[in-house]
Amino acid sequence: MTVPSFLETIRERGFLHQCTDAGGLGSLLQGPPVPAYIGFDCTADSLHVGSLVSIMLLRHYQQAGHKPIVLMGGGTTKVGDPSGKEEARPLLTDEQIAANTAGIRRVFEKFLAFGDGPSDAVMANNADWLDGLSYIPFLREYGRHFSVNRMLSMDSVRLRLDRQQPLSFLEFNYAVLQSYDFVELARRFGCRLQMGGSDQWGNIVSGIDLGRRVEGVELFGLTTPLIETASGAKMGKTASGAVWLNAERVSPYDYWQFWRNTEDGDVGRFLRLFTELPMDEIARLEALEGRELNDAKKALADAATELCHGSDAARQAAETARRTFEQGESAEGLPEITVPRAELEAGIPAFALFRQAGLADTGGAARRLIRGGGARLNDTPVASEDRLIGVADLEGQDAIKLSAGRKRHVLVRAA
C-alpha cells in the first residue's frame with residue numbers, strides 16, 4: 001500500500017489552509033528529510049488545546065519522514081506577538097521564560113520523538129541568536145528589506161489600528177524578528193519550511209522574502225485554518241478556562257470530558273484533526289446519528305486523551321465516566337482538591353467551595369450555578385448558595401462529591 005505524502009495527509013485531514021508553492025514544496029518533500037519549524041512563544045508553562053493543531057501538524061510531518069523543529073520564542077516572548085491580541089502581552093523575566101520553556105518541552109515529548117537522527121525532532125530557542133543582536137547593525141543589514149507600508153497591511157497590525165487599540169513599537173518589531181528566525185533556522189538547520197496558523201501568514205511570507213533577499217534560498221510556508229467550534233466559540237476555551245495539555249493544570253479525566261462534550265457538528269472534523277484514527281473509521285463514526293453519535297464522541301475522547309496522556313490514563317478516564325454517568329457511582333479517578341479539615345469542621349459556604357473546586361470561575365458564577373439548579377452535593381441538588389458544606393457531608397466516605405451539571409465533577413478531600 002502506498003503511504004500518502006505529508007501534503008496529501010494534511011489536505012485530507014483538514015490541516016491545509018494556504019501554501020506559498022504547493023507544487024514546489026511537494027517536489028522538495030519527495031527527497032531526503034527536510035527540516036520545518038513552527039514557533040511557540042513561552043507565555044505559560046504549558047500549551048493548551050488551541051495549539052494542538054500545530055502540534056499534530058508537526059507530528060504528521062515527522063511521521064512522513066521529515067524533521068520537525070520546535071522553535072521556542074525565548075527571544076520573541078520578550079517582545080510579544082500582536083497577532084489576535086487587543087493589547088500588549090505582559091513582559092516576562094528571563095527566569096519565567098526559562099521555566100515556561102521547560103514545561104512546554106514536556107508537552108512536546110508526548111507527541112514527537114526527539115533525538116539526533118535525520119527525522120528526529122529538535123527544539124531550538126530564538127534567544128540564542130536574538131539576544132545577542134546589535135541594534136544598529138541589525139537595522140542596516142535586515143531592516144532595509146522591510147517595507148513599513150507592507151507591515152501596516154498585515155492583519156496583526158491592521159486590526160489593532162482599525163480598532164484604535166494601542167500597538168507599541170516593541171510589538172511592531174515582532175514580524176521582523178520572526179522573519180529573521182526563518183533565515184537563521186535555514187542557516188543553522190537547513191530549514192526550508194515554516195508552518196503556523198492562518199494569522200501568521202504575513203509573517204511567514206515576510207520570512208520567505210527575507211531569505212530570498214539575504215541568502216538567495218528558496219523557502220516555503222503553509223498555514224492551518226482558524227479552528228472554531230460549530231457554534232463559533234474559540235477552540236480550546238471552556239467556561240472554566242483553557243484546556244491545557246499537562247495533567248497538572250487539567251486532569252486526564254477533564255481532558256477526556258472536554259472531547260466527549262464536543263458539539264455534534266464538530267465530531268468528524270475533530271476526529272480528523274486531533275486523532276490518528278484511519279480515515280475510513282472516521283467516516284463510519286461521523287455518519288452515526290442520534291444517540292449513536294455519542295459513540296463517536298467517546299472514540300474521539302479516547303483517541304485524543306491517549307495521544308496526550310497515554311493509554312492507561314485514557315482507559316481510566318473512560319471507565320470513570322462510564323461508572324459516574326451510566327451507573328451513577330461516585331467513582332474514584334475524578335479530579336480532586338484538598339481543603340484543611342478545620343475549614344470543613346467550621347463549614348464552607350457552597351458557592352465558595354464550588355468556586356474553589358474550579359466548577360465556577362467566580363463566586364458570582366457559583367451562586368448562579370446553584371440558583372439555577374445545576375449544582376449537586378453528593379448527587380443531591382444544592383438548595384442554597386450559602387449552605388455550609390462540612391464534615392457531616394462526608395457521610396462516612398473519604399470525599400465529598402461536587403457536581404456542576406451532569407458532566408463535571410470534583411472530589412473534595414479533607415487534609
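Classified by interplanar angle (parallel below 30°, tilted 30° to 60°, perpendicular above 60°), the ring pair F138/Y142 is tilted.
Distance alone, capped at 3.5 Å, places no donor-acceptor pair between the E286 side chain and the V267 backbone. Side-chain atoms of N125 come within 3.5 Å of backbone N or O of A127 as a donor-acceptor pair. Distance alone, capped at 3.5 Å, places no donor-acceptor pair between the S51 side chain and the L47 backbone. Of the possible polar contacts, one joining the D393 side chain to the G390 backbone as a donor-acceptor pair under 3.5 Å is found. Between the N126 side chain and the G74 main chain, a donor and an acceptor come within less than 3.5 Å of each other. At least one donor-acceptor pair under 3.5 Å links the side chain of T20 to the backbone N or O of G221. Under a 3.5 Å cut-off, the side chain of N378 and the backbone N or O of K401 do form a donor-acceptor pair. Between the side chain of K67 and the main chain of Y61, no donor-acceptor pair closer than 3.5 Å is present. No donor-acceptor distance shorter than 3.5 angstrom exists from the side chain of N203 to the backbone of A175, with no hydrogens or angles considered. The main-chain N or O of G24 is found under 3.5 Å from a side-chain atom of D21 such that the two form a donor-acceptor pair.
Residues R376 and P381 approach most closely at NH1-CD, 3.3 Å, considering heavy atoms. Across S179 and S206, no two heavy atoms sit closer than the pair OG-CB, 3.2 Å. Residues L288 and L293 approach most closely at O-CD1, 3.6 Å, considering heavy atoms. Across all non-hydrogen atoms, the minimal contact from R59 to F111 is NH1-O, 2.8 Å. Across V410 and A357, no two heavy atoms sit closer than the pair CG2-O, 3.6 Å.
Taking the ring axis of F220 as reference, the NZ or CZ atom of R192 does not stay both within 45° of it and closer than 6.0 Å to the ring centre. At least one cation-pi condition fails for R387 and F351: the charged atom is not both under 6.0 angstrom from the six-membered ring centre and inside a 45 degree cone around its axis.
For the 3.5 Å distance criterion, the side chains of H409 and S403 qualify, holding a donor opposite an acceptor. A donor and an acceptor atom, one from each side chain of T223 and Q18, are located under 3.5 Å apart. Side-chain contact check for W129 and D181: at least one donor-acceptor pair (N or O, by modelled atom type) lies under 3.5 Å. Between the side chains of Q200 and Q194, no donor-acceptor pair is found at a separation under 3.5 Å. Defined by atom type and a distance below 3.5 Å, a donor-acceptor pair is missing between the side-chain atoms of D254 and Q257.
By the side chain to side chain contact (heavy atoms under 4.5 Å, CB included) test, A313 pairs with P252, H309, sequence neighbours left out.
Taken from CG in N100 to CZ in F40, the straight-line distance is 14.5 Å, to the nearest 0.5 Å. Distance check: F258 CZ to Y253 OH gives 15.0 Å after rounding to the nearest 0.5 Å.
Taking the side chain as every heavy atom from C-beta outward, Y37 and F189 never approach each other to under 4.5 Å.
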